[in-house]
Amino acid sequence: MREIYQELGIEEKVFQYGQQFEEKLKERFTCIDETAEFNQLKVIKALQTHKVSAECFMGSSGYGYNDLGRDTLEEVYASCFKGEAALVRPQITCGTHALALALMSNLRPGDELLSPVGKPYDTLEEVIGIRPSKGSLAEYGITYRQTDLLENGDFDFKSIKNAINEKTRLVTIQRSKGYQTRPTLSVARIGELISFVKQIKPDIICMVDNCYGEFVEKQEPLEAGADMIVGSLIKNPGGGLAPIGGYIVGKQECIMNAAYRLTSPGLGKEVGASLGVIQSFYQGLFLAPTVTAGALKGAIYAANIYESLGFPVVPDSTESRHDIIQAVTLKSPKALTAFCKGIQAAAPVDSHVTPEPWAMPGYDDEVIMAAGAFVQGSSIELSADGPLRPPYAVYFQGGLTWYHAKLGILMSLQKLYEEGLVQL
Ligand SMILES: *Cc1c(COP(=O)(O)O)cnc(C)c1O
């Protein structure tokens, strides 16, 4: 084993440093496998319930009328995530698009949107109009309010209560921390927040940005009272196989609104060809629970290694997990760059290229990204990114297999070690 790692560029010292943690993490990894087993069965049950068959994989072109594969897949998603209906489409280009679609289709001029969990994900700032942008909700007369989490990470119930008013129509709850260092929300905590909001105003639509959270727990946010969950298929639920796409699952009315916005009033879910990608959506969903488990193991492994070296990590080495993201505060641009170089060097694709910071559309600061992915930009595949701003935190996620995640983390450590940024 040592030899093959060496052939890949991992020095003996780095390999040995990593090994000690694997032993220590055996019990936690068993718990992750148990969740994966439960979720695997949940997915199989949904596939069987809706009688998925070979005809579902045929795909359609043109208008896509009566696309059996598309319609059945949406039923499978609805069952699996415990919603009334679903919209799962290759025409939803990414997670931001899915979120924008869910918001724009369920809000009307004069309505107000509330985020009770602080600043939303960077790209949503332009969707909402926090940063002025063409086509934002703000341009359509939809206002926005936000209450931040308390210093200790708790919900600020008093401020949330004060923020809810007669205009408040939709509450957006981001499960994952995104580019922040706040804790990720568990499904149980999301449920607590939703019941509080609904107690004050029962007709508020509670939407959860579920990006990176799918299959990490046995339950999903719809089971905790959410009206809509939204995510990207090049993250967890696509299982690494979906080459594009997004989903919205939830209440019938919310989904219909989204469908009429995605295609056209009057057409809704009836159109939208599934082209040649529909089988990968099914097969990706089938693999998603075990793929997510591998990514989760990688995140925990990284937390343990980097915490032991004195870098602040969120979540820390022992706390419970509710998404696959691992933040490591690397404290310098040099260390952030070295980490990303390591992830890149461990990739199955493009391992020979060097990541450089760039001004990515939708983001405020320059971002450095490492990804050698089969699907471009896929972040269920092993990837790392971080905005070039203090405290130089890297957000590390994915790995289609645990073994690849492990190699990536060891390679990142190798690069930091080579540059004299850590001592082992
Ligand atoms: C990834 C992500 C998004 C946006 O998804 P893209 O596919 O990158 O557009 C939104 N919210 C959260 C929490 C995310 O992690």
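Numbering of ligands and ligand atoms starts at 1, following listing order.
Protein heavy atom nearest atom 7 (O) of ligand 1, with residue, atom name and distance: G95 N, 2.7 Å. Scanning the protein for heavy atoms near atom 9 (O) of ligand 1, the closest one is T96 OG1, 2.5 Å.
The residue from Q397, K235, R175 that puts a heavy atom closest to atom 8 (O) of ligand 1 is K235.
At least one N or O atom of D209, backbone or side chain, sits closer than 3.5 Å to an N or O atom of ligand 1.
Here the options are R28, K24, E307, the test is side chain to side chain donor-acceptor pair (under 3.5 Å), and the partner is S317; only E307 passes.
A perpendicular orientation is assigned to the rings of W402 and F29, their planes being inclined by more than 60° (bins at 30° and 60°).
Those atoms of ligand 1 that come under 4.0 Å of a heavy atom in Q174, given as number and element, are 13 (C).
Counting heavy atoms closer than 4.0 Å to ligand 1, residue L99 contributes side-chain atoms (C-beta onward) but none from N, CA, C or O.
You'll find the ring centres of F215 and F81 inside the 6.0 Å limit. Checked against a 6.0 Å centroid threshold, the rings of F157 and F196 count as neighbours.
Counted by atom type alone, S383 and Q397 present one or more donor-acceptor pairs between their side chains at under 3.5 Å.
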